[in-house]
**Student:** 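Dropping a structure here in structure tokens format, bear with me for questions.
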Amino acid sequence: MEKQRAGEATPPNFIRDIIIKDLKNNTHGGRVITRFPPEPNGYLHIGHAKSICLNFGLAAEFGGICNLRFDDTNPAKEESAYVDSIKTDVRWLGFDWEDRLYYASNYFDRLYAFAEELIRSGKAYVDHLSPEEIRRHRGTLTRPGTNSPYRDRSVEENLDLFHRMRAGEFEEGACVLRAKIDMASPNIIMRDPPLYRIRKVRHHRTGDAWCIYPMYDFAHCLSDAIEGITHSVCTLEFENNRELYDWVLDNLDVPARPRQYEFARMNLSYTVLSKRKLVQLITEGHVKDWDDPRMPTLSGLRRRGYTPGSIRRFCRRIGVARRDSTIDVSLLENSIREELNRTAPRRMAVLHPLKVVITNYPENRSDSLTAINNPQDPNAGTREVPFSRELYIEQEDFMEDPPRKFFRLAPGREVRLRYAYFITCTDVIKDEASGEIIELRCTYDPKTRGGNAPDGRKVKATLHWVSAPHAATADVRLYDRLFKTPNPTGDAQVDFIANLNPDSLKTLSDCRLEPSLGTADAGQQFQFERLGYFCVDTRDALPGKPVFNRTVTLRDTWARIEKQMQQKKKPRKKS
RNA sequence: UGGGGCGUCGUCAAGUGGCUAAGACACAGGAUUUUGAUUCCUGCAUUCGGAGGUUCGAGUCCUCCCGCCCCAGCCA
């Protein structure tokens, strides 16, 4: 096993501390059993990755196990398609639940028996109040609730009623099984919470076997107990539910006594993570689907070119705590750059082509030059790239009237073409009608082959380029942040949709790539030199016709300088 | 306004009464560079939401105050 690099060890967090203490005190018989419990009603996103890494990571670190358990107690919202995508994503992230793939729905019989046990001990009752009446009886944050008139039915009557609920004798909403706790509890969760409701809906796994389904608060803690979970880790919004979690387990004869611990869910700048909002983005057509490369879903990130390792490292770096937090996306971006810098083969690709004719280079001749595949990895070897009289360079690498700090190509200036020759710009050809620059005439110095001048003269810039007659053509998708504001949902007055970045996707259809890129396979990742990291799309690419997605740009100091110069030019706005 | 939580650098986050308050990202300088990339240096909280108090000593303990988050689904 590769030794963890310094600073990459799992940082301490309070849940880890609890486990260490429990292990020391033999609280759970020295065992650590966690679980990742998604509801199959949507795709996993980067926030779930935090939970997955935490739960599986904790188990791995302390010699325990982590189960994958689908919390499928609401058939109206859940689908097996989501089960499949979740399994794919967890596996892709690099975690293995082995033979421990569980479903809350597998426990429906046992859960039903637990409910009967609660009724028999006088701690649950069937309530015939309507949903509206239940709400009214619940009271408010500051006022206690009032008891349901059905609260004191006998055990026999409750048992009978509950059996009849299960038998389908009542309509949806006609009645519900409730825990008999305390309608005056300051914790609203404890005011006789519903345990079972009637749903005459086909369940994706149990079919029509049931018409009553357990609520989260009843099913989750008992599922944990059934599986012998020791540390039930969830997010902070369930903190109020912990009292009920404990109540259920304390009032039933359960096989194990798990404990719930809560950590803060993450927010990520320039995006949204709530399932409701992600769904909205899809249904309103702002993005294509769950796996749109702009989505913070694991399938979106995967398609964007993020690797499992980069996401795991990101999750390790953000830590686990109880305070609200918004992680800067640059941390995520840094995680993938860091990996791809080490691993991605370099290639040259011209996204916005500007034709260059080397006037002193013979027609009908070509040249083959050796390029290094990855300067960070000597084992990556080299490749040959063709050179000829007609080339393409990046439009933004030439300026007719360059500012001081611009040291790329300009009239009369000499620059290096990477791995090729020094060239000097002699003429600028423009479209007569529009004035647009359509071609450059340059000369090359044959003595600089490979990129070095024998006389030792230096150039200030090295440009990437592609030989025109040899180039492959492809579509390249430039993805950027989905929202233009760091906190798209921050202003309650503004619909987050209004904060969408209109430039989150730019599709370029006339990009010229070095020939080898024309046959790249789906999923392959490259660094396009001086531009960024790109991968071949896995959905829209055809054999021999790849489509490239930009994962992330390279850090771009020049862009920053340009921006600063622009800001200087503009008169400062009064603050 | 009832209850439950949380406030340490721009963003995360260590810190569990006793060296000069870790580290990462971001940012700003500089060096190296055939990617304005990478890499490498350097800088970046006299102060921990605020005010009092306890203590020889407080980010850590106490009191009060301020701010933010969660809970009134037959969702999870």
Side-chain angles (χ1 to χ4, degrees), chain A residues 7-8 11-13 17 37-39 41 71 73-74 76-78 127 129-131 134-136 138-145 172-178 185-191 193-199 212-213 215-217 219-220 234-243 262 264 266 269 275 314 316-335 337-338 341-342 346 348 371-372 375-376 405-408 416-420 450-452 458-464 486 527-532 553-561:
Chain A
E8 294 289 337
N13 67 59
D17 293 345
E39 183 189 13
N41 70 342
D71 222 333
T73 57
N74 185 357
K77 291 188 175 179
E78 297 150 4
D127 194 352
L129 249 26
S130 69
I134 285 185
R135 191 164 61 79
R136 277 207 306 274
R138 187 146 35 219
T140 69
L141 293 178
T142 51
R143 255 199 307 277
E172 285 191 16
C175 54
V176 70
L177 182 72
R178 287 230 253 174
S185 173
N187 182 357
I188 292 178
I189 302 278
M190 299 299 278
R191 317 239 262 229
L195 266 21
Y196 266 89
R197 75 303 211 180
I198 299 168
R199 282 285 172 275
I212 59 172
Y213 294 94
M215 300 286 291
Y216 166 86
D217 285 308
H220 200 94
C234 63
T235 45
L236 231 36
E237 66 269 25
F238 291 101
E239 194 169 14
N240 296 321
N241 301 56
R242 188 176 64 227
E243 194 178 349
E262 313 87 17
M266 88 159 110
S269 63
K275 211 171 281 182
F314 168 76
R316 207 180 301 130
R317 285 179 178 180
I318 61 175
V320 178
R322 286 173 68 87
R323 64 181 90 106
D324 292 337
S325 67
T326 302
I327 308 319
D328 195 328
V329 261
S330 66
L331 193 61
L332 217 209
E333 293 170 346
N334 175 272
S335 299
R337 279 198 193 105
E338 196 178 271
N341 176 50
R342 289 199 314 271
R346 265 107 255 225
M348 291 197 285
I372 293 166
Q376 310 290 321
K405 292 174 179 167
F406 183 91
F407 45 83
R408 277 114 92 147
R416 170 169 40 232
L417 293 182
R418 180 146 232 229
Y419 300 123
N452 284 303
K458 302 285 185 204
V459 288
K460 290 193 77 176
T462 300
L463 310 186
H464 63 275
Q527 182 197 101
F528 288 176
E529 294 223 28
R530 304 208 304 134
L531 297 173
T553 62
L554 253 28
R555 277 181 63 213
D556 191 349
T557 309
W558 167 243
R560 234 177 329 196
I561 294 169

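Each chain gets a letter, A, B and so on, in the order the sequences are listed, and its residues count up from 1.
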**Student:** Pairs under 3.5 angstrom, nitrogen or oxygen only, protein versus nucleotides 24-31 of chain B, please.
**Tutor:**
| residue | atom | partner | partner atom | Å |
| --- | --- | --- | --- | --- |
| B:C25 | O2' | A:Ser330 | OG | 3.0 |
| B:C27 | OP1 | A:Arg560 | NH1 | 3.0 |
| B:A28 | OP2 | A:Arg560 | NH1 | 3.2 |

**Student:** Under 4.0 Å between a side-chain N or O of A:Thr557 and OP1 or OP2 of B:A37?
**Tutor:**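 For A:Thr557, the contact criterion (side-chain N or O under 4.0 Å from OP1 or OP2 of B:A37) is met.
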**Student:** When we call it a touch if two heavy atoms are under 4.0 Å apart, what does A:Ser325 touch: a base, just sugar-phosphate, or nothing?
**Tutor:**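 Sugar-phosphate: the residue A:Ser325, judged by heavy atoms under 4.0 Å, touches backbone atoms but no base.
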**Student:** Taking only the side-chain nitrogens and oxygens of A:Arg242, find out if one of them lies under 4.0 Å from OP1 or OP2 of B:G3.
**Tutor:**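 Checking B:G3 against A:Arg242, no side-chain N or O comes under 4.0 Å of OP1 or OP2.
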**Student:** So if I apply the side-chain contact (heavy atoms from CB on, under 4.5 Å) rule between A:Leu463 and each of A:Met348, A:Arg408, A:Glu529, which one comes out positive?
**Tutor:**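 Going through the options one by one, the only one that passes is A:Arg408.
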**Student:** For A:Lys460, which residues count as a side chain to side chain contact (heavy atoms under 4.5 Å, CB included) partner, sequence neighbours excluded?
**Tutor:**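 A:Lys460 satisfies side chain to side chain contact (heavy atoms under 4.5 Å, CB included) with A:Phe407 once adjacent residues are dropped.
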**Student:** Mind calculating the distance between CG (A:Asn13) and P (B:G15) to the nearest angstrom?
**Tutor:**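 For the pair A:Asn13 CG and B:G15 P, the rounded distance is 9 Å.
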**Student:** Not counting sequence neighbours, which residues clear side chain to side chain contact (heavy atoms under 4.5 Å, CB included) with A:Leu554? List them please.
**Tutor:**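 Listed in chain order: A:Gln527, A:Tyr533.
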**Student:** Please identify each residue that fulfils side chain to side chain contact (heavy atoms under 4.5 Å, CB included) with A:Glu172, with sequence neighbours left out.
**Tutor:**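 Partners of A:Glu172 by the side chain to side chain contact (heavy atoms under 4.5 Å, CB included) criterion, ordered by chain and then number, come out as A:Ile198, A:Arg199, A:Lys200, A:Val201.
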**Student:** Let me know, please, whether A:Ile318 or A:Arg530 comes out on the 5' side of the other along RNA chain B by nearest nucleotide.
**Tutor:**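 Nearest-nucleotide comparison on RNA chain B picks A:Ile318.
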**Student:** Nearest whole angstrom, please: distance from the P of B:G73 to the CG of A:Asp127.
**Tutor:**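 Whole-Å distance recorded here is 15 Å.
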**Student:** Pairing check on B:A76: which nucleotide meets the Watson-Crick or G-U wobble criteria with it, both distances under 3.5 Å?
**Tutor:**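 For B:A76, the partner nucleotide comes out as none, under the 3.5 Å rule.
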**Student:** If you take atom types as modelled and just measure distance, does the side chain of A:Gln527 reach the base of B:U35 with a donor-acceptor pair under 3.5 Å?
**Tutor:**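 Indeed, a donor on one side and an acceptor on the other fall under 3.5 Å apart.
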**Student:** For a quick check of understanding: with a heavy-atom distance under 4.0 Å over all strands, which category does A:Arg135 fall into, base, sugar-phosphate or nothing?
**Tutor:**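 The answer is sugar-phosphate, as A:Arg135 gets under 4.0 Å only of primed atoms, P, OP1 or OP2.
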**Student:** Look at A:Arg323 and B:G5 and indicate whether a side-chain polar atom (N or O) is within less than 4.0 Å of OP1 or OP2.
**Tutor:**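 No, no such contact exists.
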**Student:** Quantified in whole Å, what is the P atom distance between nucleotide B:G4 and nucleotide B:U11?
**Tutor:**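 So the two P atoms sit 29 Å from each other.
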**Student:** Between A:Trp558 and B:G36, do the rings stack, that is, sit under 5.5 Å apart with planes less than 30° off each other?
**Tutor:**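 By the stated criterion, A:Trp558 and B:G36 stack.
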**Student:** Report the residues that fulfil side chain to side chain contact (heavy atoms under 4.5 Å, CB included) with A:Pro375, sequence neighbours left out, ordered by chain and then residue number.
**Tutor:**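 Partners of A:Pro375 under the side chain to side chain contact (heavy atoms under 4.5 Å, CB included) test: A:Arg346, A:Ile372.
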**Student:** Suppose you measure atom P in B:C69 against the same atom in B:A45; what distance do you get, rounded to whole Å?
**Tutor:**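 It works out to 30 Å between them.
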**Student:** Does anything in residues 320-335 of chain A pair up under salt bridge (charged side-chain N to carboxylate O under 4.0 Å, His left out), and if so which pairs, sequence neighbours excluded?
**Tutor:**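 Sorted result for residues 320-335 of chain A: A:Glu239-A:Arg322, A:Glu262-A:Arg322, A:Glu333-A:Arg481.
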**Student:** Please evaluate the base of B:G3 for a donor-acceptor partner in the side chain of A:Asn240 within a cut-off of under 3.5 Å?
**Tutor:**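 By the distance-only test, yes, there is a pair.
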**Student:** Please tell me if A:Arg322 has a side-chain N or O lying less than 4.0 Å from either OP1 or OP2 of B:C70.
**Tutor:**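 Indeed not, no polar side-chain atom of A:Arg322 lies that close.
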**Student:** Given the C1' atoms of B:G17 and B:U1, what is the spacing between them in whole Å?
**Tutor:**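 My reading of the C1' atoms in B:G17 and B:U1 gives 37 Å.
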